[in-house]
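In what follows, every chain begins at residue 1, and chains take the letters A, B, ... in the order their sequences are listed.
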Amino acid sequence: MPELPEVENYRKYLEGTSLGKTIGELWIDDARLTKPGKKIFSNRLKKNRFTSVSRIGKYLFVNLANGGCMVMHFGLTGNLSFFNNREDQPKYTRVLFQFTDGSYLAYICKRKFGWLSYEKNLEQYLANSRLGIDATQLTFKDFFEKISGRNAPVKSLLLDQSIAAGVGNWIADEILYQSKIHPETKTKSLERKEIRTLFNKLKKIIEISLKTEANYDKFPKHFLIHNREPGGKCYYTGKPLIRIVVGGRGSFISPTIQIKK
DNA sequence: ACAGCCTCCTGACGGC
DNA sequence: TGCCGTCAGGAGGCTG
């Protein structure tokens with residue numbers, strides 16, 4: 001699923017393919033995926049141009065020539081595809097932009113958990129949203145202040161986009177595995193040293209993910225992601241990983257290394 | 001403010 | 001083979 005490094009790939013992809021082109025026409029498959037509504041979204045985007053694209057966490061912000069902004073979120077199954085022939089349109093295309101030079105950009109989303117929104121004022125949008133600091137910009141001080149003393153399971157806070165924007169389910173599992181901390185640990189029971197470890201692992205994992213452009217095969221061998229599936233075994237112990245549910249999220253752990261306090 | 005639960009959606013998968 | 005029930009999961013909204 002698209003988390004910070006995957007969404008960064010989409011950012012570069014959109015930047016490399018679609019900037020500067022004028023949108024001639026667009027098709028919206030399901031009105032619920034566009035905010036504030038199909039009609040307004042469509043009217044604001046038509047004849048407009050993408051001028052630049054930035055990212056915070058799992059959100060893309062596509063700046064438009066009229067001063068507005070298109071916010072993109074990819075949910076669980078979102079993706080982008082740029083092509084020149086209509087017959088190359090991928091399955092599950094939910095929004096299709098046709099540029100005046102005849103090329104296309106498709107927003108694909110099989111399970112419709114993603115969405116696109118038109119915002120007149122990005123600053124105002126961000127001020128009203130719960131979106132926090134991108135995980136790459138997060139400092140230990142911010143992280144420590146936001147999580148220390150909290151009663152929630154540590155995994156739930158790692159997934160909280162107002163704390164470290166961009167961390168999703170696989171990255172959270174990876175951080176906890178490499179930190180040797182059980183996802184259900186009450187955050188307030190963690191020592192400062194453990195919070196430091198979580199922070200360092202978070203930074204390192206994101207750094208490697210960005211450097212390899214989320215190509216998991218290039219991740220170091222000890223990473224959980226290589227074995228993060230039913231029947232997978234722990235790189236360190238050779239014993240089976242187990243799947244538990246924490247805060248409603250499927251979580252893979254190595255039970256002899258990640259022990260609940 | 002915080003924690004926890006529910007909802008949205010649909011392909012994949014297992015059981016019969 | 002085919003039908004049906006169950007599951008996954010990010011984020012936003014609601015509740016206590």
Side-chain angles (χ1 to χ4, degrees), chain A residues 1-11 28-38 55-61 70-80 90-95 107-119 124-135 142-176 182-190 202 206 209 214 224-225 228-232 241-253 260:
Chain A
M1 87 212 66
E3 302 186 19
L4 187 153
E6 292 87 355
V7 177
E8 177 60 17
N9 287 345
Y10 300 166
R11 192 196 67 74
I28 297 168
D29 162 69
D30 186 331
R32 288 169 296 185
L33 296 189
T34 51
K35 299 186 276 188
K38 187 172 176 170
R55 181 192 59 73
I56 300 174
K58 305 170 198 169
Y59 294 72
L60 287 189
F61 303 99
M70 176 175 68
V71 183
M72 309 184 94
H73 196 281
F74 297 91
L76 306 177
T77 53
N79 207 340
L80 295 173
K91 209 173 170 185
Y92 310 120
T93 293
R94 303 305 185 188
V95 179
Y107 170 82
I108 307 152
C109 196
K110 188 160 68 173
R111 271 155 71 186
K112 298 186 175 179
F113 271 32
W115 46 263
L116 307 181
S117 132
Y118 174 82
E119 300 297 333
Q124 199 179 321
Y125 172 82
L126 290 173
N128 294 333
S129 86
R130 280 184 39 79
L131 185 58
I133 304 166
D134 187 72
D142 290 327
F143 185 62
F144 186 81
E145 281 172 3
K146 284 186 173 150
I147 77 166
S148 63
R150 301 269 303 263
N151 191 49
V154 62
K155 180 166 180 182
S156 300
L157 299 189
L158 288 174
L159 291 173
D160 185 335
Q161 299 302 296
S162 71
I163 297 173
V167 175
N169 206 32
W170 79 252
I171 295 180
D173 276 4
E174 194 70 60
I175 293 167
L176 291 160
H182 193 287
E184 282 176 323
T185 310
K186 299 270 188 194
T187 308
K188 65 182 178 189
S189 76
L190 292 170
L202 182 158
I206 286 172
S209 309
L224 175 68
I225 199 160
R228 194 178 172 279
E229 61 198 353
L241 300 169
I242 60 169
R243 185 182 177 278
I244 61 173
V245 175
V246 182
R249 301 278 169 267
S251 306
F252 284 88
I253 64 166
K260 215 157 130 186

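Rounded to an integer number of Å, the gap from CG of A:Leu76 to P of B:dT10 is 13 Å. Separating the CG atom of A:Asn151 from the P atom of B:dG4 is a distance of 6 Å, rounded to the nearest angstrom. With rounding to whole Å, A:Gln161 atom CD is found 17 Å from B:dC2 atom P. Rounded to an integer number of Å, the gap from CD of A:Glu229 to C1' of C:dA8 is 16 Å. With rounding to whole Å, A:Glu3 atom CD is found 7 Å from C:dG10 atom P. To the nearest angstrom, P of B:dC2 lies 11 Å from NZ of A:Lys146. Between A:Leu33 atom CG and B:dC8 atom C1' there is a gap of 11 Å when expressed in whole angstrom units. If you take CD1 of A:Ile108 and C1' of B:dC9, they are 17 Å apart, rounded to a whole angstrom.
A search for ring-ring contact (aromatic ring centres under 6.0 Å, His included) contacts involving A:Phe252 returns nothing, not counting sequence neighbours. Scored by the ring-ring contact (aromatic ring centres under 6.0 Å, His included) test, A:Tyr10 finds A:Phe74 as partners (sequence neighbours excluded).
Checking the phosphate oxygens (OP1, OP2) of C:dG10, no side-chain nitrogen or oxygen of A:His73 falls inside 4.0 Å. An OP1 or OP2 oxygen of C:dG10 is reached within less than 4.0 angstrom by no side-chain nitrogen or oxygen of A:Lys58. Not one side-chain nitrogen or oxygen of A:Lys110 sits closer than 4.0 Å to the OP1 or OP2 atom of B:dG11.
Among the atoms of the strands shown, only primed sugar atoms or phosphate atoms (P, OP1, OP2) are found under 4.0 Å from some heavy atom of A:Arg150. A:Pro230 comes within 4.0 angstrom of nothing in the nucleic acid, heavy atoms only.
Against DNA chain B, the stretch residues 243-251 of chain A makes no heavy-atom approach under 4.0 Å.
A:Arg32 approaches A:Lys112 most closely through the heavy-atom pair NH2-NZ, 4.4 Å. Between A:Asp134 and A:Ile56 the shortest heavy-atom distance is OD1-C, 3.7 Å.
How far NE2 of A:His182 is from CD1 of A:Ile244: 4.0 Å, rounded to the nearest 0.5 Å. The distance from atom CG of A:Leu33 to atom OH of A:Tyr107, rounded to the nearest 0.5 Å, is 6.5 Å.
The side chain of A:Ala152 lies closest to B:dA3, out of C:dG9, B:dC9, B:dA3. Each of C:dA11, B:dC9, B:dG4 was ranked by its minimum atom distance to the side chain of A:Tyr59; first place goes to C:dA11. Proximity note for A:Arg32 (side chain, C-beta onward) versus B:dG4, B:dC8, C:dG10: the nearest is B:dC8.
Remark: A:Glu229 CD is packed, more than 12 non-hydrogen atoms of other residues, nucleotides or ligands lying under 6.0 Å away.
Aromatic stacking of A:Phe113 on C:dA11: not satisfied for centres closer than 5.5 Å together with planes under 30 degrees.
Residue side chain A:Arg111 reaches the base of C:dG9 through a donor-acceptor N/O pair under 3.5 Å, judged by distance alone.
With A:Lys155 as the fixed residue, the side chain to side chain donor-acceptor pair (under 3.5 Å) test singles out one of A:Thr187, A:Asn169, A:Thr185: A:Asn169.
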